[in-house]
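In what follows, a single structure is set out as structure tokens and then discussed.
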Amino acid sequence: MFALLDCNNFYVSCERAFQPQYLQKPVCVLSNNDGCVISRSNEAKALGIPMGAVAFEYDTMFKQNQVKLFSANFVLYGDLSRRVMNKVREYCSDVEVYSIDEAFMNFSSQEQYLSIREHCLKLRNIIYKGIGIPTSIGIAPTKTLAKVANRIAKKYPERTQDVYCIETQLQIEKALKWLPIEDVWGIGRRLAERFQKRGVRTAWDFTQLNEATVRKEMGVVGVRMFYELKGIPQLGLELPKTKQSIGVSRTFSQSITALSMIEERVVTFAMVASEKLRAQKSCGNLITVFIRTNTKKTDEKQYVNQFTVSLALPSSSAIEIAKAAKYALSKIFMDGYSYKKAGIIVDGIVPETARQMNLFIEDQHIKHRPIMQVIDNLNKRYKCDKIKLASQDLETRWIMKRQYLSKEFTTNLKDLLVVKV
DNA sequence: TCTGGGGTCCTAGGACCC
DNA sequence: TCTGGGGTCCTAGGACCC
């Protein structure tokens, strides 16, 4: 049996864990630049605030309903996620951390010895008591059905005590008939639309199609889903892998027109991307830079483009990657546009120890490695970007709009809460 | 004034190999 | 009239996830 643990309204729950006065109140967490809503409490959902709601459009609505807003505090969320996952590992030896707020567990080696549901109830309660994060757990014979069970637990918290188990064929059938096709894990907007047009309205309808039809519509991914929903496992737990692509991008709070300004941003993104590469001991050789105007402003001139530079040798040198990024940018930058977003993506990632060498090309990665080590050590020690490339902005004028930021309650000594007796 | 960020997998088609 | 057969690798784009 598989189980899926999912933290309820995770970012909101992280904020509430330290500011419990907002329990039972409408709360939203906003994206970078306080742009849009990325997490909502149940009370906020009940007010009709949709996921991705554009914050400024809801100004009055937030005020009228006393919705408490928070700016995204990913340092806090990352740390609480780590604590939750550690607790999960205490209760199951076979765990896949699927996202910041979700983990799959595989109980196949333990199931004859314990009641999985009882076990998961204990886990759920200890996480709530010890970390302050409410979670829901779904249990089923396949990962896809565990997702379904989890949804049922979330929808009916009282009846399920936040933990629901799908076991028998009858339970599978009931659950699938209950689940709209668009809520199946792996069915997005496009596929849902296509299936609905053909009268496939629930997950059950989908499982009643024949395999060939499913293969034609969705390829092998669909066939896997087909059997997973019928209770025949196609997916196992996945081992943590090093990333195969690393991206860093930002939307600017104000549009940029000058090449020099965008160049500074792109170099900074290159710096961050190279740090991530080095952190997982990888190198990459394909450096893509993209830029775009504000595609939401239909009355303005639009321009979207990207360019990829292929390095002779895979590298994690910030200097080399930044240089490639600057070149890529120069190939696509056009005067006369207002740019709203830019980013860099590094692909062609290989382990540092498995780089293909070349006899006749100077190896910048090796040449720069000692400098990169010093940079990484200093930035780690001082927990910020003390060392920058000269083409980066040395004045840190790029301050994100984070009007409602909470403290780093668990990762910064000066933010520790003081408990009065 | 104001609209997030970071990933994965699969497939089709082109370029190339013998 | 008619033009082989069997592969690999790479890339762009589409779909999805959180």
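Naming convention: chains lettered A, B, ... in sequence-line order (proteins, then strands); numbering from 1 in each chain. Values below: all heavy atoms of this structure, side chains included; hydrogens, waters and symmetry mates excluded.
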Which nucleotide wins on minimum distance to the side chain of [X], given the candidates [options]?
{"X": "A/Lys241", "options": "B/dT3, B/dC9, B/dG6", "answer": "B/dC9"}
{"X": "A/Arg224", "options": "C/dA15, B/dC10, C/dC17", "answer": "B/dC10"}
{"X": "A/Leu286", "options": "C/dC16, C/dT11, B/dT8", "answer": "C/dT11"}
{"X": "A/Ser245", "options": "B/dG4, C/dC17, B/dG7", "answer": "B/dG7"}
{"X": "A/Trp185", "options": "C/dC18, B/dC9, C/dC16", "answer": "C/dC18"}
{"X": "A/Tyr98", "options": "C/dC17, B/dG5, B/dT8", "answer": "C/dC17"}
{"X": "A/Asn32", "options": "B/dT3, B/dG4, C/dC17", "answer": "B/dG4"}

Please indicate whether A/Phe18 has more than 12 foreign heavy atoms, meaning atoms of other residues, nucleotides or ligands, lying under 6.0 Å from its CZ. yes
Considering just the side-chain nitrogens and oxygens of [X], establish if one lies under 4.0 Å of OP1 or OP2 belonging to [N].
{"X": "A/Lys147", "N": "C/dC18", "answer": "yes"}
{"X": "A/Ser249", "N": "B/dG4", "answer": "no"}
{"X": "A/Lys401", "N": "B/dC2", "answer": "no"}
{"X": "A/Gln403", "N": "B/dC2", "answer": "no"}
{"X": "A/Ser31", "N": "B/dG5", "answer": "no"}
{"X": "A/Lys341", "N": "B/dT3", "answer": "no"}

For [X] and [Y], does a side-chain donor sit closer than 3.5 Å to a side-chain acceptor?
{"X": "A/Glu15", "Y": "A/Tyr77", "value": "yes"}
{"X": "A/Ser41", "Y": "A/Asn9", "value": "no"}
{"X": "A/Gln364", "Y": "A/Ser317", "value": "no"}
{"X": "A/Ser136", "Y": "A/Asn150", "value": "no"}

[X] near the nucleic acid: base, sugar-phosphate alone, or nothing, with a heavy-atom cut-off under 4.0 Å?
{"X": "A/Asn33", "result": "nothing"}
{"X": "A/Ile246", "result": "sugar-phosphate"}
{"X": "A/Val272", "result": "nothing"}
{"X": "A/Ile100", "result": "nothing"}
{"X": "A/Gln254", "result": "nothing"}
{"X": "A/Glu102", "result": "sugar-phosphate"}

Take atom [atom1] of [X] and atom [atom2] of [N], then tell me their distance rounded to the nearest Å.
{"X": "A/Ile38", "N": "C/dC17", "atom1": "CD1", "atom2": "P", "result": "18 Å"}
{"X": "A/Asp34", "N": "B/dT3", "atom1": "CG", "atom2": "P", "result": "11 Å"}
{"X": "A/Leu4", "N": "C/dC17", "atom1": "CG", "atom2": "P", "result": "14 Å"}
{"X": "A/Phe269", "N": "B/dG6", "atom1": "CZ", "atom2": "C1'", "result": "13 Å"}
{"X": "A/Phe290", "N": "C/dG13", "atom1": "CZ", "atom2": "C1'", "result": "16 Å"}
{"X": "A/Leu277", "N": "B/dG6", "atom1": "CG", "atom2": "C1'", "result": "14 Å"}
{"X": "A/Glu57", "N": "B/dT3", "atom1": "CD", "atom2": "P", "result": "10 Å"}
{"X": "A/Lys276", "N": "B/dG5", "atom1": "NZ", "atom2": "P", "result": "11 Å"}

Are [X] and [Y] in a cation-pi contact, defined as NZ or CZ under 6.0 Å from the six-membered ring centre and within 45° of the axis?
{"X": "A/Arg89", "Y": "A/Tyr91", "result": "no"}
{"X": "A/Lys230", "Y": "A/Phe226", "result": "yes"}
{"X": "A/Lys301", "Y": "A/Tyr337", "result": "yes"}
{"X": "A/Arg159", "Y": "A/Tyr156", "result": "yes"}

Taking Watson-Crick and G-U wobble pairs with both distances under 3.5 Å, convert DNA chain B into its dot-bracket string, 5' to 3', dots for unpaired and | for cross-strand pairs. ....||||||||||||||
Please tell me which of A/Lys297 and A/Val221 maps to the more 5' nucleotide of DNA chain B, matching each residue to the nucleotide holding its nearest heavy atom. A/Lys297
Pairwise 5' ranking along DNA chain B for A/Ala55 and A/Val248, keeping only the more 5' one: A/Ala55
